[in-house]
Asker: 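Have a look at the structure that comes next, please.
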Protein chains: 2
Amino acid sequence: MTKNKLAAPLPDQDSGSPGDLAFLIAQVGSHSQISFGKRVVPLGLRLAHVGVLKAIFRTNRLTQRELGDTLGMFPSNLVRLIDELEQKGLVRRGHNASDRRSYTLLLTNKGQRMTSELIALTEAHGDRICAALNPLERRELTQLLRKIATGQGLQPGVHPELPGLKSRRATKARTL
Amino acid sequence: MTKNKLAAPLPDQDSGSPGDLAFLIAQVGSHSQISFGKRVVPLGLRLAHVGVLKAIFRTNRLTQRELGDTLGMFPSNLVRLIDELEQKGLVRRGHNASDRRSYTLLLTNKGQRMTSELIALTEAHGDRICAALNPLERRELTQLLRKIATGQGLQPGVHPELPGLKSRRATKARTL
DNA sequence: TATTGTTATACTCTATAACTATA
DNA sequence: TATAGTTATAGAGTATAACAATA
């Protein structure tokens, strides 16, 4: 039998201090990401796949190396990711006439349809996340977060992954 | 020699749609988390340690099981985390008179000093993250995010970890 | 019989180094 | 000699099952 001696009074904990705000940002952000990750599973994709598809969709004819630099991923890990997307028939490695070492990454037709579907899914997801906010509030939130993002030098469209804690590589990234 | 044929025009990408907002939230949130994680390394801690210390600090005399439920962690993984904190002399496993199977987790004096230091660090961190916002904007942002957080049913003070994608357990969590 | 903390282990993901084929 | 992609593998982190002590 659990005692459950309903412990200790709770100190206040979101007093509106900068620290609490930073935590709140991380908390809501993480929730948004996890929630989206779940929505994408029925399509047979993981979050990482989505990032790659989006990047290929936006910047056409990227090389694997360029894609890795842009997303801050290791080329070695990108290989399997692209392999998987290729096996699903979403991405194609096109041969490069001018440099036979490298491939250019292309979306197949199926890949383009998938990307469209992902965009729709993203909108639906965003709508649920922001359900508590009216249109004006959403615009305000967007502007506030954009200010932070540019202030912090974040690459638009690139989601920094967590384990990058160790040694995130210098990113000669191009802008997406 | 890299060709670097500065590829393809860039479609617009933060048009302010709900999907873009959800992405922006996740992006800024992830950045905040990574950045804080780096700041905590010099103290010899990882992000997970901080979460545990905070939780023990807030709710006194928790049991490992209770802590695990609250944070949504597996008891097995909590063991090593507590081991590490105990080895650093920050946490102590106190014996429980009424149930000799379980321990109650306590902060040592050193652990309390560390927690104070962490709180100061958190404030400094938040201040840097929000550097681009004036006090009024910070209050606005806090309120907007709080609306989302409560709307989404987020546990105050509990940061959902990413890999929970798989099968996050039903949390009989108590409130922190 | 059920529960707390633990151990051992499988699985996934990230990071590093070495190899090949081109340049 | 350097670079693109690949392979193999080390290293974290997360999840699951089984066990000893206690209830």
Side-chain angles (χ1 to χ4, degrees), chain A residues 1-4 30 33-34 37 41 46-49 51-52 61-86 91 93-105 159-172, chain B residues 1-5 33-34 37 41 45-49 51-52 61-86 91-105 159-172:
Chain A
M1 298 286 125
T2 314
K3 279 281 179 56
N4 211 353
S30 191
Q33 197 184 172
I34 291 173
V41 170
R46 280 172 293 134
L47 232 36
H49 294 131
V52 169
R61 300 202 152 270
L62 270 190
T63 257
Q64 269 186 230
R65 163 70 55 178
E66 292 167 333
L67 181 62
D69 286 342
T70 304
L71 297 179
M73 288 187 57
F74 288 95
S76 52
N77 295 333
L78 200 46
V79 169
R80 202 177 61 175
L81 226 45
I82 304 280
D83 282 352
E84 289 163 353
L85 290 171
E86 206 172 26
V91 163
R93 279 186 246 237
H95 273 287
N96 189 338
S98 62
D99 183 346
R100 280 184 305 169
R101 288 175 305 180
S102 68
Y103 299 113
T104 45
L105 299 172
H159 190 125
E161 290 301 329
L162 260 220
L165 269 170
K166 329 275 175 195
S167 74
R168 173 86 28 203
R169 300 166 314 150
T171 174
K172 339 163 198 176
Chain B
M1 301 285 125
T2 314
K3 279 281 179 54
N4 211 353
K5 47 181 144 139
Q33 196 184 172
I34 291 173
V41 171
L45 299 177
R46 280 172 292 131
L47 233 35
H49 294 132
V52 169
R61 300 202 153 270
L62 271 190
T63 257
Q64 269 186 227
R65 163 71 53 181
E66 292 167 332
L67 181 61
D69 285 342
T70 304
L71 297 179
M73 288 187 57
F74 288 95
S76 53
N77 295 332
L78 200 46
V79 169
R80 202 178 59 175
L81 225 45
I82 304 279
D83 282 350
E84 289 163 352
L85 290 171
E86 207 173 25
V91 163
R92 196 166 59 79
R93 280 186 246 238
H95 273 289
N96 190 337
S98 63
D99 184 344
R100 280 185 306 171
R101 288 174 305 179
S102 68
Y103 299 113
T104 44
L105 300 171
H159 190 126
E161 290 301 329
L162 260 220
L165 269 169
K166 327 274 175 195
S167 74
R168 174 87 25 204
R169 299 167 313 151
T171 174
K172 341 163 196 174

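Within every chain, numbering begins at 1; the chains are lettered A, B, ... in the order of the sequence lines, protein sequences first and strands thereafter. Predicted, not measured: the structure shown is a model, and the values here were computed from it.
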Asker: On the side chain of B:S76, is there an atom forming a donor-acceptor pair with the base of D:dT16 - under 3.5 Å, no angle test?
Answerer: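 Indeed there is one.
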Asker: What integer distance in Å separates B:R65:CZ from D:dA23:P?
Answerer: 16 Å
Asker: Just the rounded figure in Å: distance from P of C:dT3 to CG of B:D99.
Answerer: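 Nearest whole value for this atom pair: 12 Å.
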Asker: Round to a whole Å and report the spacing from CZ of A:R80 to C1' of C:dC11.
Answerer: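 These atoms are roughly 11 Å apart.
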Asker: Would you sort out whether B:L47 and B:H159 count as a side-chain contact (heavy atoms from CB on, under 4.5 Å), showing the intermediate values?
Answerer: CA-CA 10 Å; B:L47 233 35; B:H159 190 126; over 6 Å; no
Asker: Take atom CZ of A:F74 and atom P of D:dA4, then tell me their distance rounded to the nearest Å.
Answerer: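 Whole-Å distance recorded here is 16 Å.
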Asker: Quick one: the side chain of A:R100 and the base of C:dT22, do they pair up donor-acceptor inside 3.5 Å?
Answerer: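 No such pair is found, so the answer is no.
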Asker: Whole Å only: how far is the CG atom of A:L81 from the P atom of C:dA15?
Answerer: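 In whole Å, C:dA15 P lies 13 Å from A:L81 CG.
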Asker: Could you go through B:T104 and B:S102, starting from their C-alpha distance and side-chain angles, then the distance that decides it, and tell me whether this counts as side-chain contact (heavy atoms from CB on, under 4.5 Å)?
Answerer: CA-CA 7 Å; B:T104 44; B:S102 68; 5.9 Å; no
Asker: Distance check needed: C:dT6 P versus B:D83 CG, whole Å only.
Answerer: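 In whole Å, C:dT6 P lies 6 Å from B:D83 CG.
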Asker: Let's see if you can work this out: which of C:dT6, C:dC13, D:dA4 has an atom nearest to the side-chain heavy atoms of A:S102?
Answerer: D:dA4
Asker: Choose from D:dT14, D:dT6, C:dA15 the nucleotide whose nearest atom is closest to any side-chain atom of B:N77.
Answerer: D:dT14
Asker: Looking only at the side chain of B:T63 (C-beta and beyond, no hydrogens), which of the listed nucleotides D:dT6, C:dT4, C:dT6 gets closest?
Answerer: C:dT4
